[in-house]
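All values below were derived from every heavy atom in this structure, side-chain atoms included, with hydrogens, water molecules and symmetry-related copies excluded. Every chain is numbered from 1 and lettered A, B, ... according to where its sequence line falls, protein lines coming before strand lines. The shown structure was predicted, so the numbers you read here are calculated from the model rather than taken from an experiment.
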Amino acid sequence: MKTEPGTFSWEDLQKCKKKTTHWEGVRNYQARNFMMHEMKIGDGILFYHSVVKPTAIMGIARVSKNAYPDFFAFDPDSNYYDPKSSFDNPRWFMVDITFERSFRSPLTLDEIKTIPELKEMNLLKKGNRLSIQPVSQKEWNKIQKLRP
DNA sequence: GCCAACGTTGGC
DNA sequence: GCCAACGTTGGC
């Protein structure tokens, strides 16, 4: 899961009550569908800081609640308000995520690029803009070895 | 700050 | 259903 640390950072997550937050504001259908259909309680998450250098995976979080309606879409005062999403027919969904552990040092995009096993990661693909991306088992295992 | 990539919108 | 215009993302 990608986030701009200026909006919501790895440190912010650790300051949350129970180190848990709802992942509101996803307004892309592919990312939404992935949350709705693929992400389940207990699944591992690589938490990635985009835009602000050094861009890097900061650590591991877990899905702690399956997808449910993103209620920020119902709030006219929210930046994430979407009048086309209603309580009865919600268009946008979110999951809850919980902090698990920080990497000793962030796994930077530059480092990821040097690792042959991670060459196929969605993160490295040109034009990739999706804020939530699947990670293969192989990639996951390799990253655990790099940052035990 | 630039710009490629790409998703969304809306007129037709 | 097409596609031009527009907005956003995000690495560089």
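Judged by distance alone, with hydrogens and angles left aside, the side-chain atoms of A:K2 form a donor-acceptor pair with the main-chain N or O of A:L130 at under 3.5 Å.
Put simply, CD1 on A:I132 is 15 Å from C1' on C:dT9, counting in whole angstrom units. Distance A:L123 CG to C:dC12 C1': 15 Å, rounded to the nearest Å. Atom P of nucleotide C:dG10 and atom CG of A:L130 are separated by 9 Å, given to the nearest angstrom. The CG atom of A:N128 sits 8 Å away from the P atom of C:dG11 (whole-angstrom rounding). At whole-Å resolution of the value, CD in A:Q133 and C1' in B:dA5 are 14 Å apart. Here B:dC6 presents its P atom at 12 Å from CG of A:N122, a figure rounded to the nearest Å. Remark: P of B:dT8 and CZ of A:R91 are 10 Å apart, rounded to the nearest angstrom. One atom, CD1 of A:I112, and another, P of C:dG11, lie 10 Å apart when rounded to the nearest Å.
Of the two residues near DNA chain B, A:R27 and A:K126, the one whose nearest nucleotide lies more 5' is A:K126. Sequence order on DNA chain B of the closest nucleotides to A:K84 and A:R129 puts A:R129 first from the 5' end.
In the set C:dG11, B:dT8, C:dG7, the nucleotide with an atom closest to the side chain of A:Y29 is B:dT8.
Nucleic acid contact class of A:K2 (heavy atoms, under 4.0 Å, all strands): sugar-phosphate only. The residue A:K113 sits close only to the backbone: its heavy atoms come under 4.0 Å of sugar-phosphate atoms, none of a base.
Between A:R147 and A:E111, at least one side-chain nitrogen of the basic residue sits less than 4.0 Å from a carboxylate oxygen of the acidic one, meeting the salt-bridge criterion.
Residue A:K145 qualifies as open at atom NZ: its count of foreign heavy atoms under 6.0 Å is 12 or below.
A ring-ring contact (aromatic ring centres under 6.0 Å, His included) with A:W92 is found for one member of A:Y80, A:W23, A:Y29, A:Y68 and no other, namely A:Y29.
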